[in-house]
Amino acid sequence: MENKEIIRLINELMYQRHLFNREYSKDGVMKMKVAEYIALEYIAVEEETGLYAGRAYLKDLADKLQMSMRQVSQMAGKLRDAGYVLWSHDGDGSEGTYVTITESGRNIIKTQEENLKEYYGHVIDKFGKENLMQLLQLMKQLETVMSSESENMEG
């Protein structure tokens, strides 16, 4: 593949990512940042599974979201300040820092899910469930390759 063609493909990929990410921030669809929503969903699932007695450890959140501990701590602080989670720690804190979801957190998830279901329900109807499933598989494959390449460049 020639250099100009690679640059055109890269630019188109970046442009499409920009447009896709922009959709998440439209009024009425997302009431919070995507990472915050994913984190709250993860915390809620942890509460249901009972694996850690309803606790979601920040280290696990960082791994799930592929974010640094600093970023996850800042996000958890915002979620705590909004009243969506309670933040605590085991022992003196060296044994683990975790969050648990509040009733307010459960309510915002429910509201967000309703908004997403309404919006993406129409999108899926028009785009097609099979098309979406194929796209998601391709995106996962692309992410795996991109992650691998990123690791190769770092190490």
Side-chain angles (χ1 to χ4, degrees), residues 9-90 93 95-151:
L9 286 171
I10 292 167
N11 288 341
E12 183 61 24
L13 176 62
M14 297 304 290
Y15 177 66
Q16 291 301 321
R17 284 183 61 189
H18 163 73
L19 292 179
F20 190 77
N21 290 336
R22 206 182 90 202
E23 284 301 310
Y24 280 120
S25 63
K26 283 189 173 181
D27 289 339
V29 177
M30 288 301 287
K31 301 293 183 191
M32 63 183 62
K33 292 180 179 179
V34 174
E36 294 170 348
Y37 172 71
I38 293 169
L40 279 177
E41 281 286 337
Y42 178 81
I43 296 164
V45 168
E46 286 300 308
E47 181 181 59
E48 291 172 12
T49 63
L51 187 60
Y52 297 117
R55 301 171 180 175
Y57 285 87
L58 296 189
K59 170 74 173 100
D60 295 335
L61 273 173
D63 292 344
K64 172 79 174 165
L65 296 170
Q66 298 181 8
M67 294 170 65
S68 71
M69 279 298 291
R70 182 173 183 258
Q71 291 170 313
V72 169
S73 293
Q74 288 174 340
M75 180 179 59
K78 289 179 184 177
L79 293 173
R80 179 200 57 216
D81 294 347
Y84 299 148
V85 299
L86 298 175
W87 190 343
S88 193
H89 54 82
D90 291 329
E95 299 168 33
T97 303
Y98 62 88
V99 289
T100 54
I101 195 160
T102 65
E103 190 62 33
S104 182
R106 284 185 210 88
N107 290 339
I108 193 67
I109 288 173
K110 184 179 179 188
T111 299
Q112 190 58 69
E113 286 174 346
E114 290 168 3
N115 289 347
L116 290 169
K117 183 179 175 185
E118 181 179 340
Y119 177 77
Y120 283 106
H122 294 293
V123 170
I124 292 168
D125 284 345
K126 291 178 181 176
F127 187 65
K129 181 180 174 184
E130 294 301 320
N131 284 341
L132 181 59
M133 290 171 60
Q134 184 178 9
L135 176 62
L136 292 172
Q137 287 177 332
L138 290 170
M139 288 172 73
K140 198 173 260 191
Q141 289 174 15
L142 178 61
E143 174 56 33
T144 300
V145 171
M146 290 172 66
S147 179
S148 174
E149 287 302 310
S150 179
E151 289 173 12

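When reading the values below, keep in mind they use all heavy atoms of this one structure, side chains included, and skip hydrogens, waters and symmetry mates.
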Quiz item: At their closest point, which heavy atom of S104 faces which heavy atom of G83, and how far apart are they?
Solution: CB-O, 3.4 Å
Practice problem: Quick one: pull up CE in M67 and CG in L58 and give me the separation to the nearest 0.5 Å. | Solution: 11.0 Å
Practice problem: Measure the CD-CD distance between E114 and E118 for me, rounded to the nearest 0.5 Å. | Solution: 9.5 Å
Quiz item: Out of curiosity, N131 CG to I124 CD1, how far, rounded to the nearest 0.5 Å?
Solution: 11.5 Å
Quiz item: Between atom NE2 of H122 and atom NZ of K117, what is the distance when rounded to the nearest 0.5 Å?
Solution: 11.0 Å
Let me have the donor-acceptor pairs involving side chains of residues 70-77, under 3.5 Å, with sequence neighbours excluded, atom names and distances please.
residue: Q71; atom: OE1; partner: S68; partner atom: N; Å: 2.9
residue: Q71; atom: OE1; partner: S68; partner atom: OG; Å: 3.3
residue: S73; atom: OG; partner: M69; partner atom: O; Å: 2.9

Quiz item: Which of these, Y42, Y84, W87, sits in a side-chain contact (heavy atoms from CB on, under 4.5 Å) with V99?
Solution: W87
Self-check item: Spacing of Y57 atom OH and D63 atom CG [to the nearest 0.5 Å]
Solution: 14.5 Å
Practice problem: Before giving the answer on side-chain contact (heavy atoms from CB on, under 4.5 Å), spell out for L135 and F127 the whole-Å C-alpha distance, their side-chain angles and the decisive distance to 0.1 Å. | Solution: CA-CA 10 Å; L135 176 62; F127 187 65; 4.2 Å; yes
Quiz item: Around atom CD of E143, are there more than 12 heavy atoms of other residues, nucleotides or ligands at under 6.0 Å?
Solution: yes
Quiz item: Which atom names give the shortest non-hydrogen contact between A44 and I109, and what distance separates them?
Solution: CB-CD1, 4.0 Å
Quiz item: Should R55 and D90 count as side-chain neighbours, where that means a heavy-atom distance under 4.5 Å?
Solution: yes
Self-check item: Donor-acceptor contact present, side-chain S148 to main-chain T144, <3.5 Å
Solution: no
Quiz item: Taking the side chain as C-beta and beyond, is there a heavy-atom pair between Q112 and N115 under 4.5 Å?
Solution: yes
Quiz prompt | Within-4.5 Å side-chain heavy-atom neighbours: L116 and Y37 | solution = yes
Exercise. Indicate yes or no: at least one non-hydrogen side-chain atom of I43 is less than 4.5 angstrom from one of V85.
Key: yes
Quiz item: Which pair of heavy atoms, one from L40 and one from I101, lies closest together, and at what distance?
Solution: O-CD1, 4.0 Å
Quiz item: At their closest point, which heavy atom of L79 faces which heavy atom of A39, and how far apart are they?
Solution: CD1-CB, 4.4 Å
Exercise. Please report the C-alpha distance between E12 and Q16 in whole Å, then the side-chain angles of each, then the deciding distance to 0.1 Å, and finally whether the side chain to side chain donor-acceptor pair (under 3.5 Å) criterion is met.
Key: CA-CA 6 Å; E12 183 61 24; Q16 291 301 321; 2.7 Å; yes
Quiz item: For R106, what residues pass the side-chain hydrogen bond (donor to acceptor under 3.5 Å, both in side chains) criterion, not counting sequence neighbours?
Solution: E47, E103
Quiz item: What distance do K140 atom NZ and L138 atom CG have between them, rounded to the nearest 0.5 Å?
Solution: 12.0 Å
Quiz item: Crowded around E113 CD? As in, over 12 foreign heavy atoms under 6.0 Å?
Solution: yes
